[in-house]
Amino acid sequence: MTEFDYAHKNTQEGERATKTAPFNKPQVEEEIRALRLNAFKEEIPVSDDETLCFLQTVLAALKPQNILELGTAVGVSGAVMLKICTGAHLTTVERDANFYKSAVENFKSLGLAERVTAIFGDAGEEILNLPEGTFDFIFLDSAKVQYIKYLPRLKQLLKKGGVLAADDVLLFGYVTGEEEVPKKRKMLVEHIKEYISAVTDDDELYTTVLDIGNGVALSVKK
């Protein structure tokens with residue numbers, strides 16, 4: 001088994017289950033389904049069914065041309081987005097060397113490599129090198145503690161009317177109080193709460209926080 005730097009056990013079985021989860025199933029091609037199942041087995045953090053279903057539905061409606069993803073993992077969510085948006089280009093950033101290598105190989109095997117700019121590096125540094133006003137859709141699924149730090153730059157990268165989807169903002173129910181916050185997670189929860197407050201109070205954004213999967217904050221730039 002490949003050793004990944006920040007794989008965790010909250011993948012297929014450990015995700016927060018909402019009441020709507022049984023109804024929200026993604027439509028995933030067999031090749032991508034196989035990649036997801038393998039990722040779950042290796043405890044790699046890829047999107048749960050409900051979040052992926054939401055992502056597919058939103059992108060089918062928006063049809064963005066330029067997508068930015070922070071947190072590639074092994075390329076599953078990126079591949080799903082490109083399959084929905086057949087004319088789109090994906091720029092995706094990953095800091096883990098093994099994840100990055102696997103993602104590049106997976107995009108190639110799925111015939112998507114020509115529509116992907118895969119960047120190996122720290123998201124906070126790499127977003128500074130991207131052109132402003134470029135992206136129709138941003139999927140934020142990287143280090144949760146950094147969400148609040150990234151927000152000002154991500155707003156600059158979005159086009160007017162562009163959408164920012166931040167995943168895992170309810171963090172296994174810790175943020176909502178459903179589950180007791182472990183001592184080592186308290187600071188992380190506070191940072192996520194800061195992000196939620198920032199996007200919901202921002203006069204330049206329309207934002208709603210959705211109780212699906214581990215929570216998604218969906219923001220639209222005015």
Side-chain angles (χ1 to χ4, degrees), residues 1-15 25-56 58-60 63-131 134-144 146 150 154 157 165-168 213-214:
M1 180 185 296
T2 303
E3 293 296 328
F4 296 106
D5 289 349
Y6 60 94
H8 60 81
K9 295 183 181 300
N10 289 308
T11 53
Q12 190 173 38
E13 300 301 329
E15 294 289 8
K25 300 298 180 184
Q27 298 178 21
V28 182
E29 295 180 7
E30 188 56 41
E31 287 180 300
I32 298 177
R33 187 184 305 276
L35 290 177
R36 287 190 82 212
L37 291 175
N38 185 65
F40 287 138
K41 289 177 183 177
E42 296 198 28
E43 299 175 356
I44 297 170
V46 295
S47 296
D48 58 60
D49 278 1
E50 189 167 34
T51 303
L52 203 60
C53 181
F54 169 77
L55 199 58
Q56 286 185 316
V58 169
L59 290 178
K63 296 181 174 61
Q65 293 299 300
N66 288 296
I67 302 171
L68 172 63
E69 177 184 46
L70 301 186
T72 317
V74 293
V76 173
S77 53
V80 168
M81 290 191 284
L82 288 175
K83 290 289 186 178
I84 291 290
C85 305
T86 55
H89 186 87
L90 172 70
T91 300
T92 184
V93 183
E94 176 57 52
R95 70 178 185 184
D96 180 281
N98 286 316
F99 280 2
Y100 174 79
K101 181 180 178 181
S102 294
V104 170
E105 292 173 352
N106 291 335
F107 288 134
K108 183 177 180 180
S109 69
L110 292 168
L112 299 171
E114 292 185 358
R115 296 168 55 205
V116 177
T117 299
I119 300 172
F120 173 56
D122 179 80
E125 296 175 2
E126 297 300 335
I127 58 177
L128 299 177
N129 300 321
L130 299 174
T134 299
F135 299 100
D136 311 289
F137 187 85
I138 298 176
F139 184 45
L140 178 56
D141 192 23
S142 56
K144 317 309 169 192
Q146 301 294 341
Y150 296 163
L154 296 181
L157 295 178
D167 199 14
D168 299 322
N214 265 317

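Since the model is a prediction, treat every value here as computed from it, not as a measurement.
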(request) Would you mind listing every side-chain hydrogen bond (donor to acceptor under 3.5 Å, both in side chains) that reaches into residues 116-129, with sequence neighbours excluded? (result) H89-T117
(request) Quick one: pull up CG in L90 and CG in L112 and give me the separation to the nearest 0.5 Å. (result) 9.0 Å
(message) Among residues at least two apart in sequence or on other chains, which ones pass ring-ring contact (aromatic ring centres under 6.0 Å, His included) with Y150?
(response) none
(request) Find out whether S47 and F139 are in side-chain contact, i.e. whether some heavy atom of one side chain is under 4.5 Å from a heavy atom of the other. (result) yes
(message) Checking D167 now: which residues fulfil side-chain hydrogen bond (donor to acceptor under 3.5 Å, both in side chains) with it, not counting sequence neighbours?
(response) none
(request) List in chain and number order the residues that pass side-chain contact (heavy atoms from CB on, under 4.5 Å) with A166, two or more places apart in sequence or in another chain; answer none if no residue qualifies. (result) L140, Y147, V169, Y195, A217
(message) I need the minimum non-hydrogen distance between N214 and T51, along with the two atoms involved.
(response) N-OG1, 4.3 Å
(request) Quick one: closest heavy-atom pair of D48 and R36, and the distance? (result) C-NH2, 3.5 Å
(message) Just verifying a value: how many Å separate R95 CZ and S142 OG, rounded to the nearest 0.5 Å?
(response) 8.0 Å
(request) Using side-chain contact (heavy atoms from CB on, under 4.5 Å) as the criterion, list what pairs up with V28, not counting sequence neighbours. (result) P26, I32, R33, L52, Q56
(request) Kindly indicate, with the supporting measurements, whether the criterion side chain to side chain contact (heavy atoms under 4.5 Å, CB included) is fulfilled by I119 and E94. (result) CA-CA 6 Å; I119 300 172; E94 176 57 52; over 6 Å; no
(request) State, to 0.1 Å, how close C85 and R115 come at their nearest heavy-atom pair, and which atoms those are. (result) O-NH2, 2.5 Å
(request) Drop me the distance from Q65's CD to D136's CG, to the nearest 0.5 angstrom. (result) 6.5 Å
(request) State whether the side chain of S109 and the backbone N or O of N106 hold a donor-acceptor pair below 3.5 Å, judged by distance alone. (result) yes
(request) Mind checking salt bridge (Lys or Arg N to Asp or Glu O under 4.0 Å) for E105 and listing every partner two or more places apart, or none if nothing turns up? (result) none
(message) Less than 3.5 Å apart, any donor N or O on the side chain of T91 or E69 sitting next to an acceptor on the other?
(response) no
(request) Find the distance between CZ (F135) and CZ (F137) and round it off to the nearest 0.5 Å. (result) 12.5 Å
(message) I need the minimum non-hydrogen distance between A103 and G75, along with the two atoms involved.
(response) CB-N, 3.8 Å
(request) Identify the residue among Y100, F99, F107, F120 that makes a side-chain contact (heavy atoms from CB on, under 4.5 Å) with T72. (result) F107
(request) Compare every heavy atom of L157 with every heavy atom of L130, then report the nearest pair and how far apart it is. (result) O-CD2, 3.5 Å
(request) Before accepting this row, confirm whether a basic side-chain N of the pair K101/D96 lies closer than 4.0 Å to the acidic partner's carboxylate O. (result) no
(message) Any non-hydrogen side-chain atom of V80 less than 4.5 Å from a side-chain atom of S77?
(response) no
(message) Does any part of the side chain of V116, heavy atoms only, come nearer than 4.5 Å to the side chain of T92, both counted from C-beta?
(response) yes
(request) Considering non-hydrogen atoms only, spot the tightest contact between L110 and A79 and give its length. (result) CD1-CB, 3.7 Å
